[in-house]
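Everything on this sheet refers to the single structure shown next.
Note that ligands are numbered from 1 as they come in the structure, with each ligand's atoms numbered from 1 the same way. As a basis for the values below, the full set of heavy atoms in this structure was taken, side chains included, without hydrogen atoms, waters or symmetry mates.
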Amino acid sequence: MAEPTHHDAQNDTAARSEWTAARRVVVKLGSALLANRETGALNSDWLASLIDDVADLNRAGREVVLVSSGAIALGRQSLGLPKGPLDLEESQAAAAVGQISLAHAYADLARGHGLSAAQILLTLGDTEQRRRYLNARDTLLTLLRLKALPVVNENDTVATTEIRYGDNDRLSARVASMIDADCLVLLSDVDGLYTAPPGSASDAKRLDVVTDITPEIEAMAGDAGSELSRGGMRTKVQAAKIARAAGCDMVIASGKRMNPLRAIGEGAACTWFLAPTDPVTSRKRWISGQLQPKGAIIVDKGAEKALFAGRSLLPAGVREVSGTFDRGEAVIIRSLDGRDLGRGIVAYAKDEAARIIGKKTTEIAEILGFAGRDELIHRDDMALNRQHRDES
Ligand code: GLU
């Protein structure tokens, strides 16, 4: 069972910037955490603490999608199926029963925070076929826009051996890439990737950071079908490949503690698989994650569109500036109707900015008496919040 071990503050370091900067997070919860190993019952206190963490993240303006296992584990208990491996039909039957308990649990816990839980059951085809992929993506993005809490699982009841993931590690990585998540969290009963498969060597060490999936890293996860890869490290490393290819960081962290997401924020031990980044991406992460905005820039509808189309912010599209900021400081970019569109490093101080807003770029030099940058905020100096984008 997931033991509520309160973590040891002394072992914790600062949270990684990949975590603090992540605006959209996919969290995968393994069956071993959700269901009590002995009784097969739902670990409801633990799940409640996880949903508390999700609500905290939401309050901080961060979007969360859960990928929850546990349907088979919960269902086999209700059906009184014996311990040991189930055949495909039995696991499908168990999933059909267990998924109802899961959905109820999420709906109840989310409601306690004023959130609506939404159930999304996916099959391999939904992530591999373009049209279905786009459909699933639209539904997930709409749910996020409506501030619901999407809870995804594989549609085990209809997925057959040839067309199923079978593991939620890879499924969650596909979901993360589908919705352009910045971070994928795999909560597991282990706290990361060790230099040797679990149980094979006593001096195995946990890796803090993995920057490339080398054959050596794959070997650490163990071979397919070997007794030692039971912990599922192999599918986790495969998930890391999918996530990295989509520019999404992944972290394997222990879920055997209460409030496991808060623990990541407090720098708990885990293994990070970092997506390759270019300097612009890392700069944007830093902008969205690290800064205390000093003011706000209110932009018109046309500028808003231009920003989400990847353009820089020109003075012409700005209606208003507020706060007190200097050149090179961080400001919030806001829409006319008050949506928080993102943050950026501004190229002009507040007083200068106030004089050039609404004006053409060619007029800047004349108004200010010196030739500054054309853009008020250059696109490389800007990190936009996708969730506040107006899709209409
Ligand atoms: N979809 C399975 C379930 O809900 C879990 C797969 C996994 O554990 O990765 O029981």
> Does the distance from a Lys or Arg side-chain N to an Asp or Glu carboxylate O, for Glu304 and Arg339, drop under 4.0 Å?
Replying inline: yes
> Looking only at heavy atoms, which two atoms of Tyr348 and Ala353 are closest? And how far apart?
Replying inline: CB-N, 4.1 Å
> Without hydrogens or angle criteria, can the side chains of Asp337 and Ser335 be said to hold a donor-acceptor pair below 3.5 Å?
Replying inline: yes
> With a 4.5 Å heavy-atom cut-off, do Leu122 and Val175 have their side chains touching?
Replying inline: yes
>> Between Arg244 and Phe273 (side chain of the first, backbone of the second, donor and acceptor by atom type, cut-off under 3.5 Å), is there such a pair?
In response: no
> Starting from atom 1 (N) of ligand 1, which protein heavy atom do you reach first, and at what distance in Å?
Replying inline: Asp156 OD2, 2.8 Å
>> Return the closest protein heavy atom for atom 5 (C) of ligand 1 as residue, atom name and distance.
In response: Ser69 CB, 3.6 Å
>> Assess, by modelled atom type and distance only, whether the side chains of Arg132 and Thr123 contain a donor and an acceptor separated by less than 3.5 Å.
In response: yes
> Strictly under 4.0 Å, does any heavy atom of Gly30 approach an atom of ligand 1?
Replying inline: no
> How about Arg327: does its CZ atom have over 12 heavy atoms from other parts shown lying under 6.0 Å from it?
Replying inline: no
>> Once you restrict to heavy atoms under 4.0 Å, what part of Asn153 touches ligand 1? Side chain, backbone, both or neither.
In response: side chain
> So which protein heavy atom does atom 10 (O) of ligand 1 come closest to, and at what separation?
Replying inline: Ile72 N, 2.8 Å
> Below 3.5 angstrom, do we get any N/O pair linking Asn168 and ligand 1?
Replying inline: yes
>> I need the nearest protein heavy-atom contact for atom 8 (O) of ligand 1: residue, atom name and distance, please.
In response: Ser31 OG, 3.4 Å
>> If we only consider heavy atoms of Gly166, is any one of them less than 4.0 Å away from an atom in ligand 1?
In response: yes
> So is Ala95 in contact with ligand 1, going by heavy-atom distances below 4.0 Å?
Replying inline: no
> Heavy atom under 4.0 Å from ligand 1: found in Ala71's side chain, backbone, both, or neither?
Replying inline: both
